[in-house]
Amino acid sequence: MSHSQPRTHFKSAEGRYRLGYEHTHPTGLVNARNPQSTSLTLAVLRGAGDNDGAYLIANANDTLIISDYNTLDKEALKVIVFTGAHPTCHTYLPYQATDGYDLLIGMSSGEVYVASLRQ
């Protein structure tokens with residue numbers, strides 16, 4: 001038996017239920033800019049000389065923030081503000097980076113920036 005419409009009433013061992021709200025996703029492209037989206041990464045640098053240590057990397061809105069993990073100081077070591085596009089994701093690649101670039105930053109425009117935490 002096939003139904004062309006989804007069921008709106010359900011019966012279970014706990015009782016009977018009726019669908020009170022239905023959420024549908026919009027068709028087409030959805031604006032990826034979400035001011036609430038934040039990514040957080042812990043990056044541990046070893047064998048980098050003066051830069052050895054643990055760092056927190058966060059992207060929020062149009063900003064990438066790099067902070068020292070082991071300090072009580074709330075000031076960021078580095079703040080990078082992007083114009084036009086904003087960072088949507090980032091990743092730290094500690095062992096795959098043979099050329100010294102160990103940070104990838106994905107942008108809302110589709111671009112990917114390559115950076116180094118060691119410099």
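Numbering starts at 1 and runs along the sequence shown.
- Put simply, the side chain of V114 reaches to within 4.5 Å of the side chain of L104, judged on heavy atoms.
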- Query: Do N59 and I105 pass the side chain to side chain contact (heavy atoms under 4.5 Å, CB included) test, and can you show the C-alpha distance, the side-chain angles, and the key distance before you say yes or no?
  - Reply: CA-CA 9 Å; N59 63 284; I105 306 164; over 6 Å; no

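- By the rule that hydrophobic residues join a cluster once side-chain heavy atoms approach within less than 4.5 Å of another member, L93 and V112 end up as members of one cluster.
- Shortest non-hydrogen contact noted between L117 and A43 is CD1-CB, 3.7 Å.
- One hydrophobic cluster holds both I66 and M107 under the rule that ILVMFWY side chains link at heavy-atom gaps under 4.5 Å.
- Cluster annotation: Y92 and L77 are assigned to the same hydrophobic cluster (Ile/Leu/Val/Met/Phe/Trp/Tyr, side-chain heavy-atom contacts under 4.5 Å, transitive).
- Hydrophobic clustering (side-chain heavy atoms under 4.5 Å, transitive across Ile, Leu, Val, Met, Phe, Trp, Tyr) keeps I65 apart from L45.
- Formation of a donor-acceptor pair under 3.5 Å by the N61 side chain with backbone atoms of T63 is not found in this model.
- Among all heavy-atom pairs drawn from A54 and D68, the shortest one is O-OD1, 3.2 Å.
- Nearest heavy-atom pair, T88 versus S39, reported as atom, atom and distance to 0.1 Å: O-OG, 4.0 Å.
- Counting heavy atoms from C-beta outward, L40 and I57 have side chains that stay 4.5 Å or more apart.
- The two residues H90 and T41 come nearest to each other via the heavy atoms NE2-OG1, 2.8 Å.
- Checked by atom type and distance alone, the side chain of S108 never pairs as donor or acceptor with a backbone atom of A85 at under 3.5 Å.
- For the pair F82 and Y113, the minimum side-chain heavy-atom distance is below 4.5 Å.
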